[in-house]
Amino acid sequence: MDFSYRNGALCAEQVPLEEIARRFGTPCFVYSRAGIERQYRAYTQAFEGRKALVAYSVKANSNLAVLALMARLGAGFDIVSGGELARVLAAGGDPRKVLFSGIGKSEIEIEQALRAGIMCLNVESEAELERVDGVAKRIGKRAPIALRINPDIDAKTHPYISTGLRQSKFGVPIADAERLYLEAARRPHLEPIGIGCHIGSLLADPAPWIAAAERVVELADRIERGGVTLTHIDVGGGIGIRYRDEVERPVGDFIAGALRALGARRHTLIVDPGRSIVGNAGVLVTRVEYVKPGDTKNFLVVDVAMNDLLRPALYGAWHEVRPIRERQPGAPEMVYDIVGPVCESADVLARDRALAARPGDLLALMSAGAYGMSMSSNYNTRARAAEVLADGAKAHLVRRRESIEELYTGEIVPPW
Ligand code: LLP
């Protein structure tokens, strides 16, 4: 598949990761074009014959090459900032397929989105509705909006990535929705065109996701009976992937449920997946710096750290670790914690892994295509990794490694 051993060497498509590491150095994120495209098509195939839009969630992996790939496939985009809008436009994305979510949109971000002519602003509070109305009036536009509804459904995922419960900061309570739609419809600078929800990320079970879709569809019916016509229903993203041994339910099971909920209604169905498109289409290649045996733990100190891949430190997430040579001759197999150089005890990338490795060996942290580079930082003044896109037998550098100077060019020492 996208990452497999060929003649004992782990490859991205047909390119050995060893060769990529030699050319571009480590740490290095490597993505598979075929993998991304196949995952995107799993959605479009599930929608076959229905009015639908796959709005790729940019936050999962916002590299311009990935966005350009999506744009070429005809995808829309789910964005959460003016920065993400700028990326989508720079990558050739169609603004008329952009949905802008997020609870804290600034005046400037709203203005930029309206001027760019995006498809829809997903409004998450009454105060935001006021603000969007004000900006639209000031610049003489009519703002297409949807309300993001909080359906009060437990997504049964990690609490940090669960968003659909009443106590969550996201979305508008169902009980307020009808009143807010009527209010919006009365205002000449607002145009309610849709409704949306998103209950959380990394969902293994389609049941809560489908239940949320049903709730939103029912609410859409009530809103339309009140005299407001909607053209789309957005059921969010959040479909999980396999990191370890989780049972991965096919995307089609989720989509079939949403289509069932929609029934014969004429609305366009929108989904905004991120992880399920890019997650398993990416790995992070690292080099072993030191082997550090100890009384209670053995450590492999590698050149990737929590600033490159935050998920294990932040969520206790599990990423598979594979050696880049299928068999490492000469090194004894031991159980290691794989740790980075950052000065935090949380800087552990993987715990208790049996591996044979020596200093200089290369390892791949698997399933790093989503929320890897996009959540990276420069903590400890570490330059961010290079990014490479494998495409058949070719490997394209899609982001060069940051230089150390870039990290402080914006900083100013006062003229004391
Ligand atoms: N739509 C909305 C409104 C969202 O907030 C999100 C993700 C998505 C779509 C895409 O969800 P996905 O299909 O990727 O699950 N950093 C965490 C995940 C945070 C997700 C935030 N919202 C992680 O690394 O697990």
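Since we're looking at a predicted model, the values are computed, not measured. Read the numbers this way: they start at 1 and go in the same order the structure lists the ligands and their atoms.
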Hey, are the side chains of L69 and R33 touching, using non-hydrogen atoms and a 4.5 Å cut-off? yes
On the six-membered ring of Y371, is K59 placed so that its NZ or CZ lies under 6.0 angstrom from the centre and within 45° of the ring axis? no
If you have a sec, work out which protein heavy atom is nearest atom 10 (C) of ligand 1 and how many Å separate them, to one decimal? S57 OG, 3.4 Å
Identify, for atom 19 (C) of ligand 1, the protein heavy atom at the shortest distance, and state residue, atom and that distance. I161 CG2, 3.6 Å
List the steps, then state whether side-chain hydrogen bond (donor to acceptor under 3.5 Å, both in side chains) holds for E402 with N378. CA-CA 10 Å; E402 261 171 354; N378 293 118; 2.9 Å; yes
Identity of the nearest option to atom 3 (C) of ligand 1, non-hydrogen atoms only, from R275, E124, R311, R148: R148
Min over Y56, Y243, Y315 of heavy-atom distance to atom 16 (N) of ligand 1 lands on Y315
For ligand 1, which atoms, with element, lie under 4.0 Å from some heavy atom of D78? 1 (N), 2 (C), 9 (C)
Assess whether side chain to side chain contact (heavy atoms under 4.5 Å, CB included) is satisfied between I193 and I145, documenting all intermediate values. CA-CA 6 Å; I193 62 160; I145 60 142; over 6 Å; no
Sub-4.0 Å heavy-atom approach of G238 to ligand 1: yes
At what distance is the nearest protein heavy atom to atom 15 (O) of ligand 1, and which residue and atom is it? S201 OG, 2.3 Å
Has I108 got more than 12 heavy atoms of other residues, nucleotides or ligands less than 6.0 Å from its CD1? no
Counting from 1, what ligand 1 atoms have a heavy atom of M375 closer than 4.0 Å? 16 (N), 24 (O)
Should A60 be counted as touching ligand 1, given the test is an N or O pair under 3.5 Å? no
Could you list which atoms of ligand 1 come closer than 4.0 Å to a heavy atom of K59? 2 (C), 4 (C), 5 (O), 6 (C), 7 (C), 8 (C), 21 (C), 22 (N)
Within 45° of the axis and under 6.0 Å from the centre of the six-membered ring of W318, does NZ or CZ of R242 qualify? no
For atom CZ of R50, decide whether the heavy atoms of other residues, nucleotides or ligands shown that lie under 6.0 angstrom number more than 12. yes
Check for me whether G236 has a heavy atom closer than 4.0 Å to any atom of ligand 1. no
Around atom 14 (O) of ligand 1, find the nearest protein heavy atom and jot down its residue, atom name and distance. Y371 OH, 2.6 Å
Taking side-chain contact (heavy atoms from CB on, under 4.5 Å) as the definition, give me every residue that meets it alongside F299, ordered by chain and number, with sequence neighbours left out. K292, K297, D337, V339
I need the atoms of ligand 1 closer than 4.0 Å to a non-hydrogen atom of P273, numbered in the order shown. 13 (O)
Which residue holds the protein heavy atom closest to atom 1 (N) of ligand 1, what is that atom called, and what is the gap in Å? D272 OD1, 2.7 Å
L365 backbone acceptor or donor facing H319 side chain under 3.5 Å: no
